[in-house]
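The structure appears below as structure tokens.
As a basis for the values below, the full set of heavy atoms in this structure was taken, side chains included, without hydrogen atoms, waters or symmetry mates. Starting from 1, each residue takes its place in the sequence as its number. None of the values given here were measured: they were computed from a predicted structure.
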Amino acid sequence: MYRPNGNFLRRFLKRSFCSAENIDSKVQIFDRHLKRKQRDRAAWLLNRKDSLVNTVADNLVDRLEDVKKTFPSALCLGGSMEAIRRSIRGRGGIEKLIMMDSSYDMVKLCKDAEKDLSSDNIETSFMVADEEYLPIKESSVDLVISCLGLHWTNDLPGAMIQSRLALKPDGLFLAAIFGGETLKLLRIACTIAHMEREGGVSPRVSPLAQVRDAGNLLTRAGFTLPGVDVDEYQVRYNSALELIEHLRAMGESNALVNRIKFLKRDTALATAAVYESMFAAEDGSIPATFQVIYMTGWREHESQQKAKRRGSATVSFKDIQKEFGGQTT
């Protein structure tokens with residue numbers, strides 16, 4: 001496994017994307033060092049039968065079935081890598097696969113699991129690196145895929161731009177991120193509990209992208225033929241504490257820079273009590289909704305479809321309405 005050091009990343013970024021001064025001056029929303037530690041822990045807590053993670057990974061990889069072309073070389077970025085690796089078998093014509101994560105333990109987990117997948121003839125390599133600073137040669141892969149990882153980057157458009165640059169012309173970018181409606185009930189319970197026990201509100205759940213922003217993100221990153229769709233998954237738990245443990249096992253614990261370092265025990269118990277009293281189902285289970293935004297984009301290529309010039313239409317909407325018997329307004 002390759003683990004680039006900080007000096008390499010700084011030189012790479014200075015040469016390829018932006019100056020080190022610009023990197024240091026960026027607004028930091030998430031503590032990336034803490035997120036690496038959380039993902040190290042998640043590698044030990046990971047449940048390979050997690051239905052939410054496996055469903056999202058399968059739905060993301062399913063998009064390769066809608067494309068006629070093949071993708072001989074692919075890069076898998078962070079998030080639910082192990083689920084993607086299992087789901088990607090036999091799809092997309094992938095021959096070489098790079099699996100990359102900022103967590104050494106998560107990469108090691110995937111490497112150890114590779115022996116169970118050796119029969120699919122995909123040449124797999126492993127890399128420890130940060131999604132915010134991709135040490136990948138420009139125009140070197142046919143596919144970049146990220147499942148439930150990019151929503152923890154401080155500069156999501158920048159990470160997507162780097163992904164586009166890593167793609168060959170007519171290469172495909174596939175990503176799934178949690179959307180803004182994720183864990184809405186938990187946010188409400190956290191707010192009420194903090195106001196009741198501490199007299200104010202502090203951020204406990206990560207800010208997430210809204211669906212309306214996803215298309216703009218793809219366009220801003222320079223992708224062509226952008227596509228966005230959304231699914232919502234409801235998971236039921238025996239208690240609010242079981243929900244929190246599931247988030248820990250997915251590496252989705254709070255990593256905000258401005259978080260309260262230590263959550264008071266009374267506030268945590270109050271959050272669980274509020275959640276269960278306000279939102280528990282009749283059978284006593286605790287529902288939680290996860291909104292997943294799926295994004296698709298391509299690196300520009302001359303063979304791709306292009307929008308017609310404005311005003312080039314030869315048939316008006318009025319003519320279409322007359323043809324089909326519609327009424328004009």
Side-chain angles (χ1 to χ4, degrees), residues 1-20 23 60-61 63-64 67-82 84-85 87-104 106-107 110-111 114 117 120-147 149-150 153 155-176 217-226 295-304:
M1 288 181 291
Y2 170 59
R3 182 192 288 197
N5 59 36
N7 290 332
F8 172 85
L9 288 177
R10 186 174 293 273
R11 291 196 304 271
F12 175 82
L13 287 163
K14 194 169 185 177
R15 180 174 67 251
S16 304
F17 297 107
C18 55
S19 69
I23 297 166
L60 184 61
V61 175
R63 283 153 174 77
L64 295 177
V67 182
K68 293 182 179 180
K69 69 173 294 181
T70 59
F71 304 92
S73 58
L75 169 65
C76 181
L77 291 180
S80 305
M81 290 197 309
E82 203 265 346
I84 288 291
R85 179 65 183 91
S87 183
I88 214 165
R89 300 177 68 182
R91 301 188 190 182
I94 296 171
E95 300 171 2
K96 294 183 179 181
L97 174 65
I98 302 170
M99 302 192 72
M100 194 197 89
D101 198 289
S102 61
S103 162
Y104 176 85
M106 193 65 74
V107 172
C110 293
K111 187 175 183 180
E114 187 67 19
L117 302 167
D120 64 4
N121 297 320
I122 296 178
E123 180 184 332
T124 308
S125 56
F126 303 87
M127 179 184 294
V128 179
D130 196 320
E131 299 97 321
E132 293 190 339
Y133 313 128
L134 291 186
I136 302 295
K137 184 178 179 181
E138 185 173 343
S139 303
S140 61
V141 295
D142 300 288
L143 170 68
V144 173
I145 185 166
S146 176
C147 183
L150 287 178
T153 57
D155 182 8
L156 180 53
M160 292 171 64
I161 289 171
Q162 293 180 61
S163 295
R164 177 179 60 81
L165 292 174
L167 287 169
K168 298 176 184 178
D170 205 30
L172 176 63
F173 172 77
L174 288 177
L217 283 169
L218 288 165
T219 302
R220 180 178 172 186
F223 288 107
T224 60
L225 307 176
M295 296 186 289
T296 305
W298 297 81
R299 185 161 185 180
E300 187 175 9
H301 188 265
E302 60 184 11
S303 66
Q304 294 170 358

- request: Kindly indicate, with the supporting measurements, whether the criterion side chain to side chain contact (heavy atoms under 4.5 Å, CB included) is fulfilled by Val144 and Arg164.
  value: CA-CA 8 Å; Val144 173; Arg164 177 179 60 81; over 6 Å; no
task: Could you check if a side-chain atom of Leu64 sits within less than 4.5 angstrom of a side-chain atom of Leu143, using non-hydrogen atoms only?
output: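 The answer is yes; the side chains approach within 4.5 Å.
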query: Would a 4.5 Å heavy-atom cut-off, applied to side chains only, mark Ile88 and Phe71 as touching?
result: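 Ile88 does not reach Phe71 side chain to side chain.
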Sub-3.5 Å donor-acceptor pair from the side chain of [X] to the main-chain atoms of [Y], do we have one?
X	Y	result
Ser303	His301	no
Asp130	Ser102	no
Gln162	Glu132	yes

query: Of all heavy-atom pairs between Asp101 and Gly78, which one has the smallest distance, and what is that distance?
result: OD2-CA, 3.2 Å
- prompt: Do you know which two heavy atoms are closest between Leu217 and Pro157, and how far apart they sit?
  reply: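 Looking at all heavy atoms of both residues, the closest pair is CD2-CG, 3.6 Å.
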task: Working to the nearest 0.5 Å, report the span between CZ of Arg63 and CG of Leu174.
output: 7.5 Å
- prompt: What's the spacing between Cys76 SG and Met127 CE if we round to 0.5 Å?
  reply: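 If I round to the nearest 0.5 Å, the distance is 12.5 Å.
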Qualifying residues under side-chain hydrogen bond (donor to acceptor under 3.5 Å, both in side chains), relative to [X], sequence neighbours excluded:
X	result
Lys69	Asp170
Thr153	none
Arg220	none
Glu131	Arg32

- request: Would you check, one step at a time, whether the test side chain to side chain contact (heavy atoms under 4.5 Å, CB included) holds for Leu150 with Met295?
  value: CA-CA 11 Å; Leu150 287 178; Met295 296 186 289; 5.6 Å; no
Results of ring-ring contact (aromatic ring centres under 6.0 Å, His included) for Phe223 - residues two or more places apart only: Phe173
Solution key, residues 92-100 side-chain donor-acceptor pairs under 3.5 Å, sequence neighbours excluded:
none

